[in-house]
Amino acid sequence: RAGTGHDAPIVFFSEDMNQKATERFRLEGELRQAIAHGQLELFHQPKVSLRNGRIVGAEALLRWNHPRHGLLTPGHFIPLAEDTSLILELGEWVLAEACRQIMLWRSTGLDMPPLAINLSARQFDRHLPKRIERLLDSFRISPQHLKLEITESLMVRNPDEVIHIMNELAAMGLGIALDDFGTGYSSLAYLKRFPITTLKIDRSFVIGVPHQPNDCAIAQAIVTMGKQLRQEIVAEGVENREQMHYLRQLGCDQLQGYLFSQPLPASQYERLVRDDVRLAL
Ligand code: C2E
Ligand code: MG
Ligand code: MG
Ligand code: MG
């Protein structure tokens, strides 16, 4: 099942618990080595503007080129990393790699739209703004080129501290997107306290539009509220034209999903932007 894009954990060789624990332990060791061995890679999934079909951004999604299992998606290893401090090392790698990629694009004179990275809640400590600032400085890139995607789980943990950190990031000029919106446990009141610039409608609601009345109601409520709060609205996991038409009519700003493009290796994504490809609306 490796590399199929499904998030189900890999079933290793035997259902025997002992053996599973051993394999998990082995995978953890391998993940530790993955960074040093250059096995990690960022894929890029375009975000498409509903105004003109142009690519106006991308999300960086982590992949692990595993020597035996092939290309692994995060569902296979992020939960494992979250259970250990490995998530911090992975997170640092992703941040630095995204900055390096942005710098590379700029050095070739390409006018690439902003790149968003996913942050784990555990990465979010009071040193994060300084670390990001140093990275931006050392790669000589401006904050407008980098965006951060966070989830609601982060906001409920320690709201006051998190608000403080997020305000620092926002003051630096970084866009902050609330990912998988509507699936977590945060209250709507949080939305006005946190400097969120973008709301991403979770795929679990996008799946049901336009045929499931409940999903339509939720999508519509998110768009209406986000607009009032002057947030940009992105829908994720758009797979067909019916969904696209519905979300456009609701007033979403951007769409992301297999209908337009899978997450791509950097060179392929770069070519789409270079050729100014308009993804069909
Ligand atoms: P996410 O941030 O919500 O990312 C969207 C996920 O949906 C990605 O899965 C993407 O490949 C998938 N997707 C995009 N369009 C479609 C579609 O039309 N249909 C379907 N069925 N799926 C679609 P992926 O790459 O497997 O990543 C899963 C999750 O892993 C991400 O969800 C994010 O929470 C996490 N993740 C990915 N990269 C990183 C990272 O660098 N750091 C951290 N902490 N988490 C990451
Ligand atoms: Mg995301
Ligand atoms: Mg998401
Ligand atoms: Mg999601």
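In this text, all values refer to a predicted model and were calculated from it rather than measured experimentally. Order of appearance sets the numbers: ligands from 1, and atoms from 1 within every ligand.
Summarising the contacts of atom 29 (C) of ligand 1 with Pro74, Ser261, Ala98, the nearest heavy atom is found in Pro74. For atom 1 (P) of ligand 1, the nearest non-hydrogen atom from the set Val94, Leu119, Asp179, Ile87 comes from Asp179. Of the listed residues (Thr151, Leu61, Asn118), the one carrying the non-hydrogen atom nearest atom 8 (C) of ligand 1 is Leu61.
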Donor-acceptor pairs under 3.5 angstrom involving side-chain atoms of residues 271-278: please list them, not counting sequence neighbours.
from   : atom 1 : to     : atom 2 : distance (Å)
Arg274 : NH2    : Glu270 : OE2    : 2.7
Asp276 : OD1    : Arg54  : NE     : 3.4
Asp276 : OD1    : Arg54  : NH2    : 3.4
Asp276 : OD2    : Arg54  : NH2    : 3.3
Asp276 : OD2    : Arg278 : NH2    : 3.0

Side chains of residues 89-96: which donor-acceptor partners sit under 3.5 Å, not counting sequence neighbours?
from  : atom 1 : to     : atom 2 : distance (Å)
Glu92 : OE2    : Arg131 : NE     : 2.7
Glu92 : OE2    : Arg131 : NH2    : 3.2

I'd like a table of donor-acceptor pairs (distance under 3.5 Å, sequence neighbours excluded) in which one partner is a side-chain atom from residues 206-221, with atom names and distances.
from   : atom 1 : to     : atom 2 : distance (Å)
His211 : NE2    : Glu242 : OE1    : 3.2
His211 : NE2    : Glu242 : OE2    : 3.1
Asp215 : OD2    : Gly208 : N      : 3.4

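Contacts between Arg63 and ligand 1 below 4.0 angstrom, taking non-hydrogen atoms only, involve the side chain exclusively. Under 4.0 Å from ligand 1, not a single heavy atom of Asp202 appears. At a heavy-atom distance under 4.0 Å, only backbone atoms of Val238 (N, CA, C or O) approach ligand 1. For Gln45, every heavy-atom contact with ligand 1 shorter than 4.0 Å involves the side chain, none the backbone. Heavy atoms of Leu42 found under 4.0 angstrom from ligand 1: none, in either backbone or side chain. Residue-level proximity to ligand 1 for Gln262 is absent, since no heavy atom of it falls below 4.0 angstrom.
Relative ring orientation between His44 and Tyr269 is described as parallel, the plane-to-plane angle staying below 30° on a 0-90° scale split at 30° and 60°.
The closest donor-acceptor contact from the side chain of Asn240 to the backbone of Gln243 lies under 3.5 Å. For the pair Gln45 (side chain) and Leu61 (backbone), a donor-acceptor distance under 3.5 Å is absent.
Geometrically, ligand 1 and Asp180 share a nitrogen or oxygen pair separated by less than 3.5 Å. Considering backbone and side-chain N/O of Gln256, none are found under 3.5 Å from N/O of ligand 1.
Counting only protein atoms, the N, O or S atoms lying less than 2.8 Å from the Mg ion (ligand 2) are Glu59 OE2, Asn118 OD1, Glu149 OE1, Asp179 OD2, ordered by chain and residue number.
Residues His76 and Leu27 approach most closely at O-CD2, 4.0 Å, considering heavy atoms.
Under a 4.0 angstrom heavy-atom cut-off, Ile117 registers as lying outside contact with ligand 1.
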